[in-house]
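To start, the structure under review is shown below, and the notes come after it.
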Amino acid sequence: MNRRPGFPARLDGLAQQGPAPAPRTPPAARVAAPVAQRPAGVGLDSQAIRARMVTRLAAAGIADARVLAAMGRIERHRFVDSALGNQAYEDTSLPIGLGQTISKPSVVARMVELLLGALPAGGRLGRVLEIGTGCGYQAAVLGEVASEVYSIERLRGLHEKARENLRPFRLPNVHLLFGDGMQGFAKGAPYAGIIAAAGGDAVPQAWIDQLAVGGRIIAPTVMPDRRQALVVLERTPREVRRSVLEGVHFVPLKSGIA
Ligand code: SAH
């Protein structure tokens with residue numbers, strides 16, 4: 001019984017619509033193969049689809065080569081339900097259970113690019129804190145551009161799901177934590193970057209306290225007109241600079257665990 005029919009089956013269809021090369025093995029054999037033993041052909045197909053997503057991200061204004069490379073490497077289809085796998089490389093947010101969503105690729109790329117900020121080309125960020133692990137996708141992307149990633153999730157079910165999703169990637173620098181991210185994670189501080197995947201009414205003081213000098217916080221925040229916008233806080237030796245950027249739609253930042 002094939003338990004993951006959606007993604008490879010539809011990928012074959014997509015690949016045939018474009019100029020992608022013919023599959024190297026018969027689709028039926030590839031669909032039936034368990035994840036660990038899939039022939040290289042499946043990986044190559046999804047790689048071509050990701051490459052197209054990266055082209056679209058670049059056309060939409062994402063310029064940082066590190067971000068584009070990370071988005072091209074991390075297999076987003078592995079983070080969503082197999083029934084949604086055929087939408088994994090569209091620019092859309094998708095449900096991940098417990099009322100939460102995985103952000104659109106363009107939003108992940110934009111936020112990670114903002115987090116890298118003025119870091120010189122080729123450089124790697126130091127320690128990063130992510131609030132809201134969700135399915136673990138953005139944590140994996142961050143793992144490609146930062147030396148260490150601490151990602152905290154308040155819903156146990158999603159924390160466990162992310163752990164499972166991330167296992168095959170074997171990312172020794174991505175650390176998943178279960179807890180209330182409103183408090184940050186003091187043990188890993190100071191952070192070169194803090195990124196929130198959920199929108200609160202204000203950026204918690206704990207995050208600012210745990211930010212290194214020269215570091216940045218990227219956080220969707222509810223504005224006085226009740227709409228959310230991306231807020232960037234930069235810590236300089238003397239002050240914390242705040243910029244408000246474009247409007248966004250994130251799930252709410254909530255306190256406590258569940
Ligand atoms: N980056 C995630 C997006 C998940 S959606 C991904 O790639 O899938 C945002 C997540 O933030 C939800 O899972 C939600 O449960 C979580 N969240 C909300 N408030 C939180 C808090 N105070 N601490 C930790 N996680 C929180």
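Whatever order the structure lists ligands and atoms in, that order sets their numbers, starting from 1.
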Any side-chain donor paired with an acceptor under 3.5 Å for Tyr89 and Arg50?
->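 Note: Tyr89 and Arg50 side chains meet the donor-acceptor criterion.
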
Enumerated ligand 1 atoms positioned under 4.0 Å from heavy atoms of [X]:
| X | result |
| --- | --- |
| Pro252 | 18 (C) |
| Glu130 | 1 (N) |
| Ile102 | 8 (O) |
| Gly179 | 23 (N), 24 (C) |
| Val251 | 5 (S), 9 (C) |
| Ala198 | 11 (O), 18 (C) |
| Leu155 | 15 (O) |
| Leu158 | 13 (O) |

Please list the nearest protein heavy atom to [atom] with its residue and the distance rounded to 0.1 Å.
| atom | answer |
| --- | --- |
| atom 13 (O) of ligand 1 | Glu153 OE1, 2.7 Å |
| atom 9 (C) of ligand 1 | Ala197 O, 3.2 Å |
| atom 11 (O) of ligand 1 | Gly132 CA, 3.1 Å |
| atom 21 (C) of ligand 1 | Lys254 O, 3.4 Å |
| atom 24 (C) of ligand 1 | Arg154 N, 3.3 Å |
| atom 23 (N) of ligand 1 | Gly181 N, 2.7 Å |
| atom 4 (C) of ligand 1 | Thr101 O, 3.3 Å |

Straight-line distance of Arg76 CZ to Ile102 CD1, nearest 0.5 Å |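 The CD1 atom of Ile102 is 4.0 Å from CZ of Arg76, to the nearest 0.5 Å.
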
How many angstroms lie between atom CG of Leu155 and atom NZ of Lys161, to the nearest 0.5 angstrom?
->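 Reported value, rounded in 0.5 Å steps: 11.0 Å.
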
I'd like to know if [X] and [Y] make a salt bridge, using a cut-off of under 4.0 Å between side-chain N and carboxylate O.
| X | Y | result |
| --- | --- | --- |
| Arg216 | Glu234 | yes |
| Glu144 | Arg66 | no |
| Glu160 | Arg163 | no |

Quick check: does Gln138 get an N/O under 3.5 Å from an N/O on ligand 1?
->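 By distance alone, the answer is yes.
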
Output yes when the distance from some N or O of ligand 1 to some N or O of Cys135 is under 3.5 Å, and no in every other case.
->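 Yes - when backbone and side-chain N and O of Cys135 are compared with those of ligand 1, one distance drops under 3.5 Å.
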
Please state whether the rings of Tyr137 and Phe79 are parallel, tilted or perpendicular, taking 30° and 60° as the class boundaries.
->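 Aromatic pair Tyr137/Phe79 classed perpendicular.
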
Between Tyr150 and Phe185, what is the ring plane arrangement, given parallel below 30°, perpendicular above 60°, and tilted in between?
->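 The arrangement is tilted - the two ring planes meet at 30° to 60°.
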
Linked, directly or transitively: [X] and [Y] (ILVMFWY side chains, under 4.5 Å):
| X | Y | answer |
| --- | --- | --- |
| Leu177 | Ile131 | yes |
| Trp207 | Leu142 | no |
| Leu176 | Val149 | yes |

With a 4.0 Å cut-off on heavy atoms, is [X] in contact with ligand 1?
| X | answer |
| --- | --- |
| Thr133 | yes |
| Ala162 | no |
| Ala139 | no |

So which bit of Leu253 gets within less than 4.0 Å of ligand 1, heavy atoms only: side chain, backbone, both or neither?
->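 It is both backbone and side chain that touch ligand 1.
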
Evaluating non-hydrogen atoms only, which member of Met111, Gln100, Arg76, Met182 is closest to atom 12 (C) of ligand 1?
->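 When every heavy atom of Met111, Gln100, Arg76, Met182 is considered, Gln100 comes closest to atom 12 (C) of ligand 1.
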
From Thr133, Ile74, Ile195, Val107, residue fulfilling side chain to side chain contact (heavy atoms under 4.5 Å, CB included) relative to Gln138 =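 Answer to the side chain to side chain contact (heavy atoms under 4.5 Å, CB included) test with Gln138 among Thr133, Ile74, Ile195, Val107: Ile195.
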
Count the heavy atoms of every other residue, nucleotide or ligand shown that sit under 6.0 Å from CZ of Arg124, and state whether that count exceeds 12.
->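 Counting other residues, nucleotides and ligands, CZ of Arg124 exceeds 12 neighbours.
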
